[in-house]
Amino acid sequence: MRVIGRQPQPTALNAARRLRELSVLGDDPNVDVLVVGGGITGAGLALDAASRGLRTVLVERNDLAHGTSRWSSKLVHGGLRYLASGQFGIAYESAAERHVLMTRIAPHLTRPLAQVLPLFAPGHRTRGAYVGIGYGLGDGLRRLVGTPDAVLNAPGPLGRDETIRLAPAVRRDGLRGGMRGWDGQLIDDARLVIAVARTAAGYGASVLTRVEALRVRGDGAVLRDALTGAELEVRSRVVLSATGVWVGELDPDVGLRPSRGTHLVVATARMGGSDVSLTIPVPGSTSRFVFTVPAPHGRTYIGITDVPAEGPLPDVPHATDTEIDMLLDTVNTALAVPLDRSDVLASFAGLRPLLTHAGTADGRRAATTGEETSDLSRRHAIIESSTGILSVVGGKLTTYRRMAQDGLDAAVERRFRAGEVIACRTRSLPLVGAWPRERTSEIAAAPRLVRRYGAEAPFVASLPDGPAAARGVTAQELEWGVAVEGALTADDLLDRRTRLGLVAADRAESEAAAAAALSE
Ligand SMILES: Cc1cc2nc3c(=O)[nH]c(=O)nc-3n(C[C@H](O)[C@H](O)[C@H](O)COP(=O)(O)OP(=O)(O)OC[C@H]3O[C@@H](n4cnc5c(N)ncnc54)[C@H](O)[C@@H]3O)c2cc1C
């Protein structure tokens with residue numbers, strides 16, 4: 001157990017723990033649950049399994065949140081878009097999971113985000129009425145699942161002045177007012193993955209990064225330590241694949257049609273310093289929108305595209321010029337001073353693991369081929385391969401807990417005796433650092449740290465000082481990343497424990513600080 005100051009850290013992930021757990025696994029390679037993949041789905045599965053008392057190992061061939069889970073829009077969706085397409089079940093599930101995430105599981109990593117849609121003449125009345133109905137339905141769902149007004153406000157119309165006050169970058173010409181809705185926002189998606197993985201580690205799961213699963217079967221796999229090349233055979237009562245868009249490498253029967261979603265990164269100052277999300281209709285469409293998302297480090301993200309990603313799967317996807325132009329053109333329809341290419345500090349893209357075909361473990365059939373990727377269901381599925389591997393695919397960050405519960409329930413039903421394993425507990429398990437939203441002022445640390453670390457912020461602040469990174473990220477945050485959050489390399493620190501790596505200049509300015517933290 002790593003000791004930070006005088007605080008023992010049973011949830012701490014670091015190089016020493018990794019080595020020790022690999023050695024223990026070598027001595028006794030029989031486990032209950034092997035989870036392959038360390039994105040949000042794998043981390044959620046590991047937490048569900050470990051908190052049911054099962055001996056659990058998670059392997060990730062790179063770093064936690066190396067895949068799609070760090071390229072999302074970082075929203076905790078209430079399911080509005082699914083309501084619009086008549087998918088009530090998935091909309092309800094989204095709203096219910098948003099509720100538990102924001103009120104109990106991770107209030108410290110989530111916050112209410114105002115979404116402002118400016119209304120321009122002509123057509124402002126029709127658009128306002130259309131959006132108002134949508135927001136109203138979404139709000140009905142919020143009430144149905146019991147999320148109080150204190151967590152997410154009711155939506156409503158905005159006057160012209162209020163719209164300008166909330167979104168100062170918006171163009172005045174033709175502006176008549178706006179509509180404001182509310183949804184959940186994560187401080188960062190990769191931080192959610194790390195918090196879930198650490199919570200799983202606190203329940204005894206071995207979370208092993210830079211360990212690849214090779215030759216995976218329904219009852220085990222050969223694991224390869226990417227740092228040493230050493231191989232180890234593990235036997236497991238159940239093997240769960242949470243490999244996202246790479247699921248076909250483990251089970252070729254699962255059909256995915258990845259869809260690329262791109263975001264731009266601009267300075268928040270360029271959006272008038274606004275802390276709300278600006279929602280802008282895509283010209284010519286009534287159902288597609290481009291939105292801005294205020295982000296850490298004084299950045300704002302602008303997303304999102306939804307285009308089929310053909311060809312071999314890249315390790316890190318990239319935006320195309322067409323996508324960048326489409327995002328700029330759309331956002332500029334609503335801005336007083338248009339953004340141009342020189343305002344784009346960076347872009348990032350992720351691949352959605354959208355299911356096209358395969359029978360699911362509960363007998364349902366997943367979505368069919370031939371649809372637009374934007375029409376493919378965001379529903380998740382548990383799929384059992386002919387070799388017995390259970391793949392947990394589809395879904396989204398917001399519903400990770402429910403995906404994990406369904407995955408483990410399917411595993412327990414198939415591989416364990418009745419009554420051998422307790423029922424899922426994760427609905428009532430707060431993640432490390434969780435603290436009631438209304439009491440965050442009691443945490444004795446800078447608000448910026450409290451938003452990232454919750455109740456753990458004072459421990460982060462008490463670490464020894466050292467060289468700081470860019471954008472106000474302290475040496476202590478980087479040290480915490482190494483000592484407690486499992487960062488093994490500078491990229492882990494800059495690309496996933498912080499998001500400084502998104503902008504090349506921030507990365508360059510932070511490399512020495514990251515190296516110093518790793519050498520501690
Ligand atoms: C652009 C975009 C925006 C999105 N926005 C939102 C949003 O705002 N809100 C929301 O709720 N959802 C959103 N989503 C959806 C959400 O991001 C994904 O559904 C989710 O992150 C998928 O997580 P995952 O763990 O299944 O896959 P991944 O995060 O891709 O994880 C799979 C992991 O498996 C590892 N792996 C693969 N093979 C092996 C192996 N053999 N051995 C070991 N490890 C292996 C990979 O390295 C990878 O880390 C968005 C998605 C995209 C693309």
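Each ligand, and each atom within it, is numbered from 1 in the order the structure gives.
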On a heavy-atom basis, I'd like to know which of [options] is closest to [atom].
atom: atom 32 (C) of ligand 1; options: A242, G67, P258; value: A242
atom: atom 29 (O) of ligand 1; options: A221, S69, A226; value: S69
atom: atom 37 (C) of ligand 1; options: T305, L64, T243; value: T243

salt_bridge(D189, K74) N-O dist < 4.0 Å: yes
Strictly below 4.0 Å, N to O, side chains only: are D275 and R111 in salt-bridge contact? yes
For atom 33 (C) of ligand 1, what is the nearest protein heavy atom, given as residue, atom name and distance? E60 OE1, 3.5 Å
Enumerate the atoms of ligand 1 whose separation from the nearest heavy atom of [X] is less than 4.0 angstrom.
X: T41; result: 23 (O), 24 (P), 25 (O), 26 (O)
X: G395; result: 19 (O)
X: R352; result: 51 (C), 52 (C), 53 (C)

Answer yes or no on whether R191 is positioned over the face of Y453, meaning its NZ or CZ is under 6.0 Å from the six-membered ring centre and within 45° of the axis. yes
Contact partition for [X] relative to ligand 1, non-hydrogen atoms under 4.0 Å:
X: L351; value: backbone
X: V36; value: side chain
X: K74; value: backbone
X: W71; value: backbone

